[in-house]
Amino acid sequence: MKRIAVIGTGYVGLVSGTCFAEVGHSVVCCDIDIEKISSLKAGIIPIYESGLKELVDKNTKENRLFFSTDIPEAIRKADIIYIAVGTPMSENGEADLRHVKAVANIIGANLNGYKIIVNKSTVPVGTGKLVQSVIQQVSKGRHPFDVVSNPEFLREGTAIADTMNMERAVIGATSEKAATIIEELHKPFETTIVKTNLESAEMIKYAANAFLATKISFINDIANICERVGADVEQVAEGVGLDSRIGKKFLQAGIGFGGSCFPKDTMALLQIAKSVGYPFKMIEAVIETNQKQRAHIVQKLLHVFGDLQGKTISVLGLAFKPNTNDMRSSPALDVIPMLRNLGAQVKAYDPIAIPEAKRLLGDQVVYSEDLFETAKETDACLILTEWPQVQHMNIRKLKTCLNQPILVDGRNLFRLEDMKREGFIYHSIGRPEIQGEKILTKV
Ligand code: UDX
């Protein structure tokens, strides 16, 4: 059993800390946010993540998981300190390391014996070394320590399962001793361990996210070409993905990637490349394609109506993906203002992200947690998130709610044949259009 302090109780910190407690370690999750820590102590989880509350409750009750705002004390008592603070995107696209540096300072000031400092936050290559030098300077070399980069690969919505059954743990360390201790820590997860130096571990995180983002932009570009040549991107993705060298995953065409990682990490990697004088053209194109994809769905509505002045559009889905209330870089944040600028009224449905959406989009939208109420008397319906509630909705009922049976589907949730049979005017991504009874193949 190790004593672990996790500094930063956001998504990554809270999930990782809870999972380390679940496999038997004593974990204190710390944050400077007093309100967040008091809520957690009272059993209130600040984020929506399936299964997290149960696991937090269980481990708190069994005295393995604690919450605290006293970061210095947590550091002094810990064998291993995880840094899991946010690294938001600064104005020039670089990762903002303010919080990481602040934590390194506090660790340096409170070092009272050998400790391993592990970075979980996604940080530019070289940050591990920076953390090492800050701690060295502040602690004046009084105690030995090691720095490890152990990037996080969890996805929102499946974060617990992704952690408990992690596909690999990347451990980039400044010493073999530290690497072995962190490897031991991961034993209960029965995972593949990849041991590297600090820089490679930091690079693995960016390369993994950038590669996945590239797959998405690639299939979206292919989808846009499919629309012009009469091909169906779903069939193309299936045919391509069956080649095991390519793989089926992350070939779902749609309205582009969002969330807290891909948009931020692709921009940060571009900046990392720039900072070493390397023009990374491919990642520039990935980012550009992703931005264009948001406008592409709005173009489809314009294609149907000519202009959106005075039209009312119902939007199904505000969160960047299902099973989360996270709206960071959500397509809705780009698409809804575009619709409003074109003169449309917007009604929006989401089962859980409405409070978050209200904070970010304010009153430019009429919100409802009732899908059919949202669609009622609107001129067209636009799908932005593949919520199961949307995927399995009664499309006949939807048709009766709409002024006209126009459905623009940014997530390709329905079969063309079904939409044709039900008499919808149905536009999706990279697939032929349905015009009521007809299936058209033009743009
Ligand atoms: C991602 C990575 O998967 C995870 O390993 C990393 O730690 C954090 O970033 P997350 O942002 O939670 O996780 O969501 P993910 O399920 O990967 O989806 C990211 C975005 O890509 C979403 O906007 C999703 O809609 C989009 N996406 C995903 C597609 O458009 N098509 C796909 O085929 C897959």
Side-chain angles (χ1 to χ4, degrees), residues 10-13 15-16 19 47-50 52 84 86-87 89 95 120-123 150-163 165-170 201-202 204-224 233-234 236-238 240-241 246-269 286-287 289-294 296-297 317-335 353 383-387 390-391 409-413 428-430:
Y11 227 106
V12 167
V15 172
S16 314
C19 291
I47 50 170
Y48 179 87
E49 183 63 43
S50 165
L52 182 58
T87 49
M89 194 182 342
K120 262 257 174 256
S121 305
T122 303
V123 289
N150 174 214
E152 184 52 66
F153 299 102
L154 60 82
R155 290 163 301 172
E156 292 183 25
T158 51
I160 304 283
D162 285 352
T163 308
N165 313 303
M166 58 179 78
E167 284 186 328
R168 84 288 209 192
V170 174
E202 290 167 342
I204 286 170
K205 172 70 192 202
Y206 280 109
N209 275 356
F211 189 80
L212 292 169
T214 302
K215 268 188 115 173
I216 299 169
S217 278
F218 180 83
I219 201 66
N220 283 335
D221 271 334
I222 293 290
N224 298 344
V233 72
E234 299 287 310
V236 173
E238 191 190 353
V240 169
I246 297 172
K248 289 183 195 169
K249 293 180 183 165
F250 278 70
L251 286 180
Q252 178 63 51
I255 39 179
F257 53 80
S260 63
C261 290
F262 291 172
K264 174 171 79 75
D265 294 350
T266 44
M267 283 298 286
L269 183 56
V286 166
I287 295 166
T289 293
N290 200 53
Q291 281 157 354
K292 278 198 303 204
Q293 210 60 12
R294 310 288 209 247
H296 186 59
I297 191 112
L318 293 164
F320 86 94
K321 68 174 195 178
N323 303 320
T324 175
N325 63 346
D326 198 339
M327 286 204 56
R328 283 176 285 179
S329 299
S330 168
L333 293 181
D334 295 319
V335 172
I383 297 176
L384 295 187
T385 316
E386 65 277 36
W387 279 105
V390 176
Q391 196 158 9
D409 180 359
R411 298 291 183 173
N412 289 355
L413 297 185
S428 50
I429 307 287

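Just so you know, ligand 1 is whichever comes first in the structure, and atom 1 is the first atom listed for that ligand. Numbers for residues simply follow the sequence, beginning at 1.
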For atom CZ of F153, decide whether the heavy atoms of other residues, nucleotides or ligands shown that lie under 6.0 angstrom number more than 12.
yes
CD (E238) with more than 12 external heavy atoms under 6.0 Å:
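No, because the 6.0 Å sphere around CD of E238 holds 12 heavy atoms or fewer from other groups.
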I'd like to check the side chain to side chain donor-acceptor pair (under 3.5 Å) partners of S428; sequence neighbours left out, ordered by chain and number.
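For S428 the side chain to side chain donor-acceptor pair (under 3.5 Å) partners, ignoring immediate neighbours, are R431.
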Only distances under 3.5 Å count here; give the side-chain donor-acceptor pairs of residues 250-267 to other protein atoms, sequence neighbours excluded, each with its distance to 0.1 Å.
unit_1, atom_1, unit_2, atom_2, d
Q252, NE2, E234, OE2, 3.3
S260, OG, E156, OE2, 3.3
K264, NZ, T87, O, 3.4
K264, NZ, T87, OG1, 3.3
D265, OD2, N209, ND2, 2.7
T266, OG1, F262, O, 2.6
T266, OG1, P263, O, 3.1

Is there side-chain contact between I429 and Q293, with heavy atoms separated by less than 4.5 Å?
yes
Tell me which residues fall inside the under-4.0 Å heavy-atom shell around ligand 1.
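Protein residues near ligand 1 are E152, F153, L154, R155, E156, K205, N209, I216, F250, L251, Q252, F257, G258, C261, F262, F320, K321, R411.
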Partner residues of E49 under the salt bridge (charged side-chain N to carboxylate O under 4.0 Å, His left out) criterion, sequence neighbours left out:
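Residues passing salt bridge (charged side-chain N to carboxylate O under 4.0 Å, His left out) with E49: none at all.
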